[in-house]
Amino acid sequence: MPKIIPFVHTLSGAEEDAWIAAIEALTPGIALRPLAQLSDTERTAARVAIVANPDPADLSSLPGLVWAQSLWAGVEKLAPHMPAHVAIVRMTDPQLAATMAEAVLAWTLYLHRDMPLYARQQRERLWRQHEAVRAEDRTVAILGLGLMGETSARRLCANGFNVLGWSRSPKTVEGIATFHGAEGLTAVLAQADILVLLLPLTEATRGLIGAEALARMKPGARLINFGRGALIDDAALLARLDEGLVDHAVLDVFATEPLPPDSSYWAHTHVTVLPHISAPTNVASAAQIVADNLRAYFQDGIMPRAVDRRAGY
Ligand code: NAP
């Protein structure tokens with residue numbers, strides 16, 4: 001008899017099928033079952049669940065749960081609904097980080113080489129050349145030096161940018177000047193030509209990029225948000241964009257997604273709106289991470305590293 005693992009999600013049927021096929025192909029002896037297909041005995045016996053945007057009521061029907069593997073990297077929506085005794089294991093996929101680093105490089109180059117400016121000039125049939133800045137003379141600061149931030153920082157370094165990084169605890173990353181804490185943030189904001197947000201959304205980071213932080217940035221600085229929408233105070237950013245003090249913002253994540261049709265971001269000539277595409281999950285590589293975690297637990301009794309519930313990430 002295979003070991004039954006509940007799959008608790010609100011995905012489409014096609015997504016459910018794809019995840020089950022990919023994970024089961026890598027985990028002989030384990031069967032993933034949508035919650036509705038589990039008997040009461042199977043629910044009670046479950047120690048591990050795979051979750052993706054689960055309905056909180058569904059989670060409470062698994063009283064013996066020890067840990068839950070999320071299919072997503074961010075856990076801000078999941079953590080408030082997960083009973084405190086259940087460990088949350090988030091998706092930490094090097095492939096996802098590589099995809100994110102590619103996006104950070106692509107959109108940094110977009111801003112670095114003034115593509116929004118030249119696109120606006122073309123619409124006005126305006127032939128005007130602007131001074132080109134060398135990559136080493138462009139300071140790119142990354143807020144969040146986790147799997148996503150550090151991988152992205154290395155990629156930017158390899159492309160010649162002057163890279164700064166900021167995290168909660170002190171960190172050393174070769175080739176990058178690193179900062180932490182409130183004073184570190186002030187120093188980083190004051191130097192950044194391009195600010196990249198790769199922080200998780202927690203109580204400490206919600207609204208971090210508000211009027212005060214934006215006022216500490218260089219006039220004409222540029223912003224990329226690939227973390228979470230609510231890291232930014234939208235009204236404060238829009239005010240700053242309207243004043244020309246933030247030159248351009250590339251936004252991939254928003255407090256409300258999909259971005260509502262009446263959002264001022266859509267038509268703003270100094271904003272690039274992306275529909276949460278900077279680092280899409282790759283089912284094959286993510287399934288391998290899940291399979292490795294399940295194997296380590298069931299074969300070797302090793303719990304994968306869990307989210308720090310107090311820190312919120
Ligand atoms: P991670 O490995 O947990 O790293 C988080 C980083 O943020 C760490 O460096 C951490 O500092 C820092 N941090 C957290 N709270 C902080 C605070 N209050 N002050 C300063 N630094 C703080 O997370 P990750 O895998 O890199 O992912 C980061 C976030 O990216 C995710 O939470 C998710 O929201 C987002 N994401 C977005 C997409 C997308 O498609 N747009 C895809 C994947 C992930 P320490 O190093 O000191 O712990």
Side-chain angles (χ1 to χ4, degrees), residues 2-3 5-34 48-54 67-79 87-108 142 144-159 173 196-201 224-228 252-253 257 274-300 302-307 313:
K3 189 175 282 298
I5 306 281
F7 185 17
V8 193
H9 66 79
T10 47
L11 304 172
S12 69
E15 289 170 318
E16 175 186 284
D17 291 348
W19 280 106
I20 291 179
I23 294 170
E24 285 188 350
L26 299 167
T27 53
I30 286 180
L32 251 64
R33 292 277 181 276
V48 182
I50 311 294
V51 300
N53 311 337
W67 63 279
Q69 169 74 62
S70 174
L71 296 181
W72 314 140
V75 296
E76 73 281 356
K77 285 189 189 143
L78 176 62
I88 299 174
V89 176
R90 67 189 195 93
M91 178 54 64
T92 50
D93 181 358
Q95 173 60 59
L96 189 71
T99 305
M100 179 62 88
E102 182 183 77
V104 168
L105 176 62
W107 295 99
T108 296
I142 302 189
L145 277 183
L147 185 59
M148 300 294 143
E150 183 174 339
T151 311
S152 300
R154 291 182 190 282
R155 192 82 188 256
L156 292 172
C157 253
N159 279 268
V173 181
V196 182
L197 306 185
L198 279 172
L199 289 162
L201 183 60
I224 297 174
N225 188 9
F226 287 165
R228 285 290 180 262
D252 182 51
V253 285
E257 294 182 9
L274 301 172
H276 204 136
I277 47 77
S278 55
T281 302
N282 179 282
V283 173
S285 66
Q288 186 66 60
I289 305 292
V290 175
D292 291 346
N293 285 346
L294 293 175
R295 194 176 312 109
Y297 183 70
F298 288 117
Q299 282 183 14
D300 309 323
I302 300 169
M303 269 278 302
R305 189 170 168 270
V307 165
Y313 71 99

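Because the structure is a prediction, the values reported are computed rather than measured. FYI, the numbering just counts along the sequence from 1.
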Practice task
List in chain and number order the residues that pass side-chain contact (heavy atoms from CB on, under 4.5 Å) with Ala49, two or more places apart in sequence or in another chain; answer none if no residue qualifies.
Solution key: Pro6, Val8, Val51, Leu62, Leu65
Completion exercise
To the nearest 0.5 Å, atom CG of Asn53 lies from atom CH2 of Trp72 at 6.0 Å
Handout entry: Min side-chain heavy-atom separation Val307-Leu78 under 4.5 Å
Key = no
Practice task
Locate the shortest heavy-atom distance separating Ile277 from Pro280; write the atom from each residue and the value.
Solution key: O-CD, 3.3 Å
Exercise for the section: Please identify each residue that fulfils side-chain contact (heavy atoms from CB on, under 4.5 Å) with Ala103, with sequence neighbours left out. Expected result: Trp107, Phe226, Ser278
Completion exercise
Test side-chain contact (heavy atoms from CB on, under 4.5 Å), reference Ile50, set Val89, Val290, Ile20, output is Val290
Fill in the blank from the handout: Applied to residues 290-299, the salt bridge (charged side-chain N to carboxylate O under 4.0 Å, His left out) test, sequence neighbours excluded, yields Asp292-Arg295
Solution key, residues 90-100 side-chain donor-acceptor pairs under 3.5 Å, sequence neighbours excluded:
unit_1	atom_1	unit_2	atom_2	d
Arg90	NH1	Ala73	O	3.0
Asp93	OD1	Gln95	N	2.9
Asp93	OD2	Ser285	OG	2.6
Asp93	OD2	Ala286	N	3.4
Gln95	NE2	Thr99	OG1	3.2
Thr99	OG1	Gln95	O	2.9

Fill in the blank from the handout: Applied to residues 148-158, the salt bridge (charged side-chain N to carboxylate O under 4.0 Å, His left out) test, sequence neighbours excluded, yields Glu150-Arg154, Glu150-Lys171
Exercise for the section: Return the set of residues passing side-chain contact (heavy atoms from CB on, under 4.5 Å) with Ile302 (not counting sequence neighbours), or none when no residue passes. Expected result: Ala296, Asp300
Practice task
Would you check if Leu105 and Leu156 make a side-chain contact, meaning some heavy-atom pair closer than 4.5 Å?
Solution key: yes
Handout entry: Under 3.5 Å: donor-acceptor pair, side chain of Thr151, backbone of Ala101
Key = no
Exercise for the section: Please identify each residue that fulfils side chain to side chain donor-acceptor pair (under 3.5 Å) with Arg305, with sequence neighbours left out. Expected result: none
Practice task
Considering non-hydrogen atoms only, spot the tightest contact between Ala31 and Glu24 and give its length.
Solution key: CA-OE2, 3.3 Å
Problem - Value rounded to 0.5 Å, distance of CG in Leu26 from CD1 in Ile289 - result: 10.5 Å
Problem - Spacing of Thr27 atom OG1 and Ile5 atom CD1 [to the nearest 0.5 Å] - result: 8.0 Å
Problem - Pairing residues for Trp67 by the ring pair (Phe, Tyr, Trp, His ring centres under 6.0 Å) criterion, not counting sequence neighbours - result: Tyr297
Practice task
Using side-chain contact (heavy atoms from CB on, under 4.5 Å) as the criterion, list what pairs up with Lys3, not counting sequence neighbours.
Solution key: Ile30, Phe298
Exercise for the section: Using salt bridge (Lys or Arg N to Asp or Glu O under 4.0 Å) as the criterion, list what pairs up with Asp17, not counting sequence neighbours. Expected result: none
Handout entry: side chain to side chain donor-acceptor pair (under 3.5 Å) involving Glu76 - partner list, sequence neighbours excluded
Key = Arg228
Handout entry: Minimum side-chain heavy-atom gap Ile142-Ser152 below 4.5 Å
Key = yes
Handout entry: Side chain to side chain, Leu11 and Trp19, heavy atoms closer than 4.5 Å
Key = yes
Exercise for the section: Output yes when a side-chain donor or acceptor of Asp252 lies under 3.5 Å from a complementary backbone atom of His276, and no otherwise. Expected result: yes
